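Shown next, in structure tokens, is the structure this report addresses.
Here the structure is a predicted model, which means the values were calculated and not measured. Indexing begins at 1, ligand by ligand and atom by atom, following the structure's order. Counting begins at 1 with the first residue of the sequence.
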Amino acid sequence: MSNTNQIAPVRVRFAPSPTGKLHVGGARTAIYNWAFARANGGTFILRIDDTDPTRSTEENTQVILRAMRWLGLDWDEGPEAGGDCGPYFQTARMDSYREAAERLVSEGKAYYCFCTPQKLEADRKAAAERRDSFQGYQRTCRDIDPEVAKARVEAGEPYTIRIKVPDDRGDVVVHDAVHGDVTFNAKELDDFIIFRSDGTPTYNFATVVDDTAMGITHVIRGDDHLSNTPRQVVVYEALGAPTPTFAHISMILGADGKKLSKRHGATSVEEYRDAGYLSDAFVNYLALLGWAPDGESTVISRERLSSEFSLDHVSKNPAIMDPKKLDFINAEYLHAMSDDEFARNILMPELVQAGFEDAQSPMHDDEWYVSAAAAFKPRTTLSRDVVAQATYLYTADEELAYDPKAVKKWLAKQGAQQALDAAGSALAGIAEDQWTADVIEAALEPLPQELGMGKGKVFQPIRVAAVGTAVSPGIGETLELLGKEHALARIERAKEYAA
Ligand code: GLU
């Protein structure tokens with residue numbers, strides 16, 4: 001189904017229940033709604049479905065709003081933003097559900113039901129024993145005279161309100177933009193409850209009342225709700241409201257094909273944020289999990305997403321969460337930053353977070369941080385990877401820990417002592433103001449030949465001496481950042497370990 005040639009302006013909503021954090025599946029639903037609104041010049045609404053009083057909390061609502069802001073999914077109407085169709089919390093809309101339900105009763109499209117839970121259970125059991133293909137509500141109260149029913153309600157008898165599925169309704173065909181036409185057998189539709197005895201609306205009712213009141217044109221949500229949709233269609237019809245276009249998007253599964261859960265690692269948006277993923281990369285990754293503009297791009301900017309997104313290319317197959325691919329995309333975004341941007345937005349905040357730096361009084365000049373950014377960026381997949389790389393720069397020379405494996409492999413080896421001696425002399429000859437990566441490399445370059453040793457045997461001991469491990473950026477950059485004094489002190493100290 002095409003989303004072009006829309007007549008009514010697009011209005012979509014993301015309607016999380018604040019019963020927990022925002023999970024990756026919900027985040028992707030939010031992204032698709034947002035992108036669809038943006039791509040069609042429409043309106044993106046955030047509605048908080050907080051009708052479950054036992055599980056909804058204000059704290060969860062705040063966590064969700066924070067996650068939405070971090071994802072950069074700005075909503076046009078909703079909490080904080082306001083809008084003409086508010087309030088945007090279902091608990092603040094309770095009167096409208098009651099009014100709508102009562103209206104349907106007065107129009108003969110819904111009715112009061114006085115069946116007790118015990119009676120309903122007994123009916124269900126009897127139907128099961130008869131092996132009846134229909135085990136839903138037996139319509140016991142459907143034909144109670146409306147005046148009699150009203151009197152019973154007024155007398156205080158407990159009741160629910162049930163929708164009256166028209167006898168001639170027939171099968172319900174949901175035209176789904178992702179799944180195509182999905183037919184639900186009329187027989188399976190019983191007269192379901194729209195209003196509970198405790199005075200609260202059911203999900204299928206409240207959602208449709210709100211989606212109607214808010215003028216929602218497209219309902220984009222997880223396909224765990226596809227089976228609810230025929231009931232919602234019946235409610236739209238009873239309300240005399242147009243049915244929106246539905247688009248049910250697939251679930252996100254773990255690599256083992258099972259529903260994504262803690263066992264697979266992080267599941268909430270905040271966990272990914274805290275793990276150091278960039279919001280742009282995370283949105284990019286989730287957007288492409290089940291949607292592709294061309295089947296090729298792995299990196300797609302927010303601008304492209306919000307101009308090219310369409311329901312046409314959304315896959316109905318379950319999406320598999322692939323942390324490696326997410327890492328790859330995150331690295332792509334980091335590597336695409338300029339050194340200056342990386343220094344300011346990634347390196348410095350991480351160093352402050354690690355307690356290495358104080359944002360108010362940096363220990364080095366700007367140029368130094370840009371050089372550090374250039375050195376670390378290519379080896380950074382997650383922002384926080386810079387911390388491990390930079391630790392050697394924020395450790396006192398005498399406290400630098402040596403990785404025992406690196407010591408064994410590179411320092412406790414024949415020739416390491418000579419390499420360190422030669423490096424020490426060569427570097428000592430460089431003037432303080434000449435201490436740059438290029439000059440350092442030029443000074444060290446002739447050593448392998450002079451010592452008659454392979455490059456690794458000469459440079460690796462120097463690296464281990466300076467950093468404590470056998471992995472670092474180029475030796476010139478590594479030593480430049482460290483500074484001459486510390487570089488020489490460490491080379492001297494490493495000789496204790498050298499064979
Ligand atoms: N509050 C519902 C949920 O979180 C919304 C479903 C819908 O979009 O209709 O599952």
Report yes or no: do Q389 and T380 form a side-chain donor-acceptor pair below 3.5 Å?
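Result is yes, a qualifying pair exists.
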
Number the atoms of ligand 1 from 1 as they appear, then name those within less than 4.0 Å of a heavy atom of [X], with their elements.
X: R221; value: 7 (C), 8 (O), 9 (O)
X: R13; value: 7 (C), 8 (O), 9 (O)
X: T207; value: 9 (O)
X: D49; value: 1 (N), 2 (C), 5 (C)
X: S17; value: 1 (N), 2 (C), 3 (C), 4 (O)

Out of curiosity, N228 CG to D223 CG, how far, rounded to the nearest 0.5 Å?
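That separation rounds to 11.5 Å.
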
Between CG on residue D210 and OG on residue S96, distance to nearest 0.5 Å:
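Rounded to the nearest 0.5 Å, the CG-OG separation comes out at 6.0 Å.
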
State whether the shortest distance between N or O atoms of H225 and N or O atoms of ligand 1 falls below 3.5 angstrom.
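Looking only at distances, the answer is yes, because the N/O contact criterion of under 3.5 Å is met.
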
Looking only at distances, please establish whether an N/O atom of ligand 1 is found under 3.5 Å from an N/O atom of P16.
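Checking ligand 1 against P16, no N or O pair falls under 3.5 Å apart.
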
Applying a 4.0 Å heavy-atom criterion (strictly less than), which segment of Y203 is in contact with ligand 1: side chain, backbone, both, or neither?
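Side chain only.
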
Starting from atom 2 (C) of ligand 1, what is the nearest protein heavy atom, named by residue and atom, and what distance separates them?
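Nearest neighbour among protein heavy atoms for atom 2 (C) of ligand 1, to 0.1 Å: A15 O, 3.4 Å.
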
Any chance the rings of H179 and F246 have centres within less than 6.0 Å?
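Distance test on ring centres: not under 6.0 Å, no.
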
Just checking F309 against Y32, ring centres under 6.0 Å apart?
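Here the rings of Y32 and F309 have centres that are less than 6.0 Å from each other.
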
Is it true that R69 and E80 make a salt bridge, defined as a side-chain N closer than 4.0 Å to a carboxylate O?
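A salt bridge links R69 with E80.
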
Taking the six-membered ring of Y111 as reference, does the NZ or CZ atom of R162 fall below 6.0 Å from its centre and within a 45° cone about the axis?
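No, a cation-pi geometry is absent between R162 and Y111.
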
